[in-house]
Amino acid sequence: MVLEIYLTLLVGLICLVTVPSIIRRLVLSKPRRRSLPLPPGPRPLPILGNVLSLDAAEPWKTYAAWGAIYGDIIYSRLLDQEFIILNSQSDVIELFEKRSQRYSDRPFIATLEPFGWGRNLAFAPYGDHWRLSRRIFHQTFRAEASLQLRPMQLTKVREMITNIFDDPGRYTSHCETFAAAVTMIAVYDYDPTPRDDPIVHLAQQFLRASLEALIPERAVALRLFPFLLYLPDWCPGSFLKRKARQARKYSEEWVEFPYQYVQNRMRNDAHPVDSMVSDHLTRMRRLHPSQRLAYEDALKSAASTAYIGISSLMVFILAMILNPHIARRAQEEIDNVVGRDRLPDFDDRLSLPYVEAIMRETMRWQPLVPLVMHTATSSDVYKGIYIPEGFSFKYFRRAISRDEMRYPNASQFIPERFFTPEGRLNDDDPAQFIFGFGRRICPGRHTADASMWIGIATMLATFHFARAKDAQGNDVEFEPSYVNGVTRRPMDFPCSISPRSHISRTTLQTGQQS
Ligand code: HEM
């Protein structure tokens with residue numbers, strides 16, 4: 001009985017608070033459309049739009065099904081938020097690159113601030129804060145500057161494989177620590193411990209507590225019921241508020257702890273600190289006090305976003321476990337070109353085309369960022385469609401990477417697709433779409449590319465990849481599953497990663513055979 005009254009009140013409150021505002025926004029937006037049509041798409045329900053037909057955890061699956069029916073440009077609506085889903089690379093280039101002045105904003109996501117992402121550069125509105133933050137980021141991670149990070153990446157990759165050698169069961173953690181170490185050293189001159197580092201742990205807690213909530217299709221709940229954030233803790237339905245509070249706490253600590261670590265070292269340490277943050281703290285001192293607050297805000301935003309730098313190595317390991325013949329072919333190439341006396345380094349890259357093809361296929365096969373969103377800052381007309389200001393676009397990268405015309409048998413891992421019939425690497429490099437387009441293109445792509453390549457080449461040179469065995473010695477079969485959020489990576493899977501016969505612990509640490 002009490003529950004019924006509670007639910008009735010809740011529904012009443014929802015109708016009272018949200019429905020009029022949705023209707024108002026929809027009605028207001030209509031005349032702006034002139035007489036031009038919207039792209040085709042599934043028929044939206046009154047008020048709700050297409051909310052009920054979406055797979056909220058993996059919306060790209062729904063978009064793929066819609067793509068088969070409606071084509072490359074699809075209209076959909078979630079409540080009052082209207083989206084155009086772009087499935088083809090040429091439309092993405094036309095809008096996000098050629099008209100980037102207009103399409104570089106991000107949409108409003110109701111869970112951003114509540115879950116501690118308000119400061120993140122990747123979600124920042126297109127404006128002065130984003131511009132400054134991005135400039136700070138760019139100085140450390142641009143193509144030429146990122147070359148200076150390579151010796152450090154080489155050291156860190158060797159640490160990673162040593163850790164996998166010692167403790168193969170925790171391969172996920174070792175891959176994550178490698179990705180984290182590269183960005184944290186560049187940004188804070190902070191070298192995390194290989195295992196159980198407190199700051200890496202904090203960042204991971206933050207990501208786990210919040211990433212899933214950022215999928216716009218999930219954020220709809222909060223947009224529809226904003227009062228959920230204000231319910232008292234004892235009230236049914238307050239779990240979202242409690243989750244958000246926890247994520248925000250992690251986020252604040254994650255932004256502040258490493259930042260203060262740099263400040264303390266600059267004050268107290270005899271050794272000079274060499275990092276993005278220390279560099280800009282020094283510059284900030286020369287600014288007029290009235291400019292410092294905005295600069296510090298942009299610096300914290302750039303620094304804390306860098307960790308989100310994700311890693312494809314889990315996808316690579318999964319592909320090798322499922323396709324051991326591909327790992328063996330790459331190992332033959334490495335043994336022939338690099339030899340067995342040393343480990344690969346960056347200078348070997350051009351001589352290892354099959355390893356390169358594996359890296360391309362890793363990026364294509366399971367894109368780490370399946371959806372990217374841009375918003376129009378002014379109205380436009382494209383292919384006969386009127387696009388009002390504030391209209392959002394989802395650029396659906398999985399549609400491009402799974403395009404059967406371009407990639408036959410796209411769900412399979414086939415590095416050979418990147419070779420010409422004459423056996424040379426072709427010009428199709430998924431890096432051209434995997435890192436995004438236009439002004440919001442991933443600014444960490446040069447560093448990510450180098451980490452990924454050295455990670456893949458070194459693991460192939462050192463490890464044998466196989467399925468785990470059960471007590472009877474049979475292969476353990478499994479169906480890969482994924483952790484979904486704004487990024488997507490494989491969940492842990494059973495596997496056996498063991499050193500190749502000529503590899504010893506000394507080889508891993510020094511890169512040379514003893
Ligand atoms: C394989 C690894 C990575 C992939 C696939 C990837 C992909 C992406 C994509 C698709 C975007 C959005 C682009 C757009 O809006 O059009 C993005 C944005 C971003 N990435 Fe990456 N990224 C990777 C690694 C990294 C790393 C290592 C860093 C940091 C060093 C980084 C920093 C950023 C930042 C700061 C943004 C936001 C840019 C903005 O909104 O202006 N990423 N990334």
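All ligand and atom numbering here is 1-based and tracks the order in the structure. FYI, side chains are in, hydrogens and waters are out, and symmetry mates aren't considered; it's all heavy atoms of this structure. Sequential numbering from 1 along the given sequence is applied to the chain's residues.
Judged by a 6.0 Å distance limit and a 45° cone about the ring axis, Arg329 is positioned over the six-membered ring of Tyr354.
Judged as a side chain to side chain donor-acceptor pair (under 3.5 Å), the pairs with a partner in residues 450-461 (not counting sequence neighbours) are, in order, Gln153-Ser451.
Polar contact with ligand 1: absent for Arg439 (N/O pair, distance under 3.5 Å). Every N/O-N/O distance between Thr447 and ligand 1 stays at or above 3.5 Å.
Per-residue contacts place Ala448 under 4.0 angstrom from the following atoms of ligand 1 (heavy atoms of the residue considered): 2 (C), 24 (C), 27 (C). Heavy-atom contacts of Phe437 reach the following atoms of ligand 1: 16 (O) (cutoff under 4.0 Å). Those atoms of ligand 1 that come under 4.0 Å of a heavy atom in Ala306, given as number and element, are 29 (C). Remark: ligand 1 atoms within the under-4.0 Å shell around heavy atoms of Arg134 are 38 (C), 39 (C), 41 (O). Near Ser312, meaning under 4.0 Å from one of its heavy atoms, ligand 1 places the atoms 1 (C). Residue Phe141 has at least one heavy-atom neighbour below 4.0 Å for each of these atoms of ligand 1: 30 (C).
Salt-bridge formation is not detected for the pair Arg402/Glu404: no Lys NZ or Arg NE/NH1/NH2 atom is positioned less than 4.0 Å from an Asp or Glu carboxylate oxygen. Using a 4.0 Å cut-off between charged nitrogen and carboxylate oxygen, Arg488 and Glu58 count as a salt-bridge pair. Salt-bridge formation is detected for the pair Arg119/Asp297: a Lys NZ or Arg NE/NH1/NH2 atom is positioned less than 4.0 Å from an Asp or Glu carboxylate oxygen. With respect to Asp191 and Lys156, a salt bridge is recorded, a charged nitrogen being found less than 4.0 Å from a carboxylate O.
Checking Val92, Asn120, Leu371, Thr305 against atom 35 (C) of ligand 1, the nearest heavy atom belongs to Thr305. Nearest to atom 19 (C) of ligand 1 by heavy-atom distance, out of Ser451, Ala179, Gly444, Pro443, is Pro443.
Residue contacts with ligand 1, taken as heavy atom pairs separated by less than 4.0 Å, involve Trp130 solely via side-chain atoms from C-beta onward.
No side-chain donor from either of Asn163 and Tyr171 sits under 3.5 Å from a side-chain acceptor of the other.
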